[in-house]
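First the structure, in the form of structure tokens, and then the observations on it.
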Amino acid sequence: MASVSSQQQFRYTQPPSKVLHLRNLPWECTEEELIELGKPFGKVVNTKCNVGSNRNQAFIEFTDLNQAIAMISYYASSSEPAQVRGKTVYLQYSNRQEIVHNKTAADVAGNVLLVTIEGEDAHLVSIDVLHLVFSAFGFVHKITTFEKTAGFQALIQFSDAETATSAKDALDGRSIPRYLLSEQVGPCTLKITYSGHTDLTVKFQSHRSRDYTNPYLPVAQSAIEGGGQVMVGLDGKRLEAESNVLLASIENMQYAVTLDVLHTVFSTFGPIQKIAMFDKNGALQALIQYPDTQTAVVAKEALEGHCIYDGGFCKLHLSYSRHTDLSIKVNNDRSRDYTVPITPVVNLQPSILGQPVPMVGAPAQQYNGSQYTPVSDPAMTPQPQAGWGAAPPAVAQSMPLQMYNNVYMPPGNMPPQMSPGNMPPQMPPGMQFPNHSMLQPTSTLPAYGFDRTQ
DNA sequence: AGCACA
């Protein structure tokens, strides 16, 4: 009968062994703490910690049996129980005679983490939320997600094992902060081990996989329109599929919006690779291509709904384009490829346009974030409003990165309680952000607030 | 709080 063998297994006295089984240990008890505990009784030659589904069990092995017996008998009659970090630890002889280290992929530190998301609604955790959470520790190269018997899992690829380890140490066993999840999603706890993988294969940007190193990767249809999983943003609202290319439509266009004006405005957030302008239903639209999605995301969030000129003129509406790389056939006053160092400029006569054309043929490399290209003769064209027009400043120079840092990269080895000093992102002077801006939650965003369940 | 690849 099963009850007999379990009786056997759990009977109070195990046959002596130089290996002791410890349980009820505090979370992530270290090897050092186990050695300390055994020291008074003998030499601990081997340990194995974080054992069991709750990772709160361990084994210690003494050089010889007498030392193990000494420890067991001491605590059997002691009024003070064995303790680690003030927590009572229960000891007994192990049913094995030696510790065997079964080093699996999960134990050997690597740059890819296997993350199991536990909870009723684990599958509702979006890849974007995972990206945000793990980006706190360093650049996340790729993420793949999948459903296994273990539940909803993700593989998160970092540059190196050190970064992966810092993320694992900080997040393992913690829950995704409530404010990153939409209301109806229950608690989601992360259980993290190393994966044996070193480089994930991501064929498409989709709702289940992302490659953040390759903005040119095609976007799977599933990522754009309800591919089963709704992508949920920080505010719990639906997210569009992000892209490195923004589609801008310009409303109330009282003043001419030129290629250069757009270049100036959008350059604030990072180098621009290409711009293409065209008319759609009588309104002006433009596609603006950044080298990466992150920059486009920052630009979109910062500029959406804002006007290029004071007085509500030339209001920008931004969305993500399905394009990842624009094909610019010719450089003219409506389209330009800034990545090609020298290209003939067709149909573009500065005298005709009535303004200097400073960025013509300028290679993208010239962008350094501080170069501001003034827009022309104030008599002819109204100046873009203060926020964008006035020589942006050191603030703007570092802004895109700065903002990025604030959103995704809290200080390196973050302690759970984090530095309270994270400031909200700095904006160029004069710029006002609407309430719905995703940038706003930034100050409270980074990984503090993770709760340890149990 | 109960024995180590889930």
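Small disclaimer: the values here were computed from a predicted structure and weren't measured.
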* Given A:Leu180, which of A:Val129, A:Val185, A:Leu130 fulfils the side-chain contact (heavy atoms from CB on, under 4.5 Å) condition? -> A:Val129

* Whole-Å distance separating the NZ atom of A:Lys148 from the P atom of B:dA6 -> 14 Å

* Closest listed nucleotide, where the reference is the side chain of A:Tyr90 and the choices are B:dA4, B:dC5, B:dA1 -> B:dA1

* Structure fact -> The side-chain contact (heavy atoms from CB on, under 4.5 Å) partner of A:Phe59 among A:Thr47, A:Val51, A:Val100 is A:Val51

* Can you check the A:Lys18 NZ to B:dC3 P distance for me, whole Å? -> 21 Å

* Roughly how far, to the nearest 0.5 Å, is OG1 of A:Thr116 from CG of A:Leu114? -> 5.0 Å

* Asked: Which part of the nucleic acid, if any, lies within contact of A:Val19, taking any heavy atom under 4.0 Å across all strands shown: a base, the sugar-phosphate backbone alone, or nothing?
  -> nothing

* In whole angstroms, how far is the P atom of B:dA4 from the CG atom of A:Asn46? -> 16 Å

* Sidechain N-carboxylate O distance under 4.0 Å for A:Lys274, A:Asp325 -> yes

* What is the distance from CD of A:Gln97 to P of B:dA4, rounded to the nearest Å? -> 15 Å

* Please give, in whole Å, the distance from B:dA4 C1' to A:Leu20 CG? -> 15 Å

* When the distance from NZ of A:Lys87 to P of B:dA1 is rounded to whole Å, what number comes out? -> 7 Å

* To do: Round to a whole Å and report the spacing from CD of A:Gln57 to P of B:dC5.
  => 10 Å

* Atom pair distance, as rounded to whole Å: NZ in A:Lys191 and P in B:dA6 -> 14 Å

* To do: For A:Glu118, report the nucleic acid contact type (base, sugar-phosphate, nothing); a contact means any heavy atom under 4.0 Å.
  => nothing

* Ignoring the backbone of A:Gln92, work out which of B:dG2, B:dA1, B:dA4 is nearest its side chain. => B:dG2

* **Among B:dC5, B:dC3, B:dA1, the nucleotide that comes nearest once only the side chain of A:Arg23 is considered** => B:dA1

* salt bridge (Lys or Arg N to Asp or Glu O under 4.0 Å) contacts in which one or both residues fall within residues 44-62 of chain A, not counting sequence neighbours -> A:Lys18-A:Glu61, A:Arg55-A:Asp172

* Any idea which of B:dA6, B:dA4, B:dC5 is nearest the A:Ala150 side chain? -> B:dA6

* Structure fact -> Of B:dA6, B:dC3, B:dA4, the nucleotide closest to the side chain of A:His21 is B:dC3

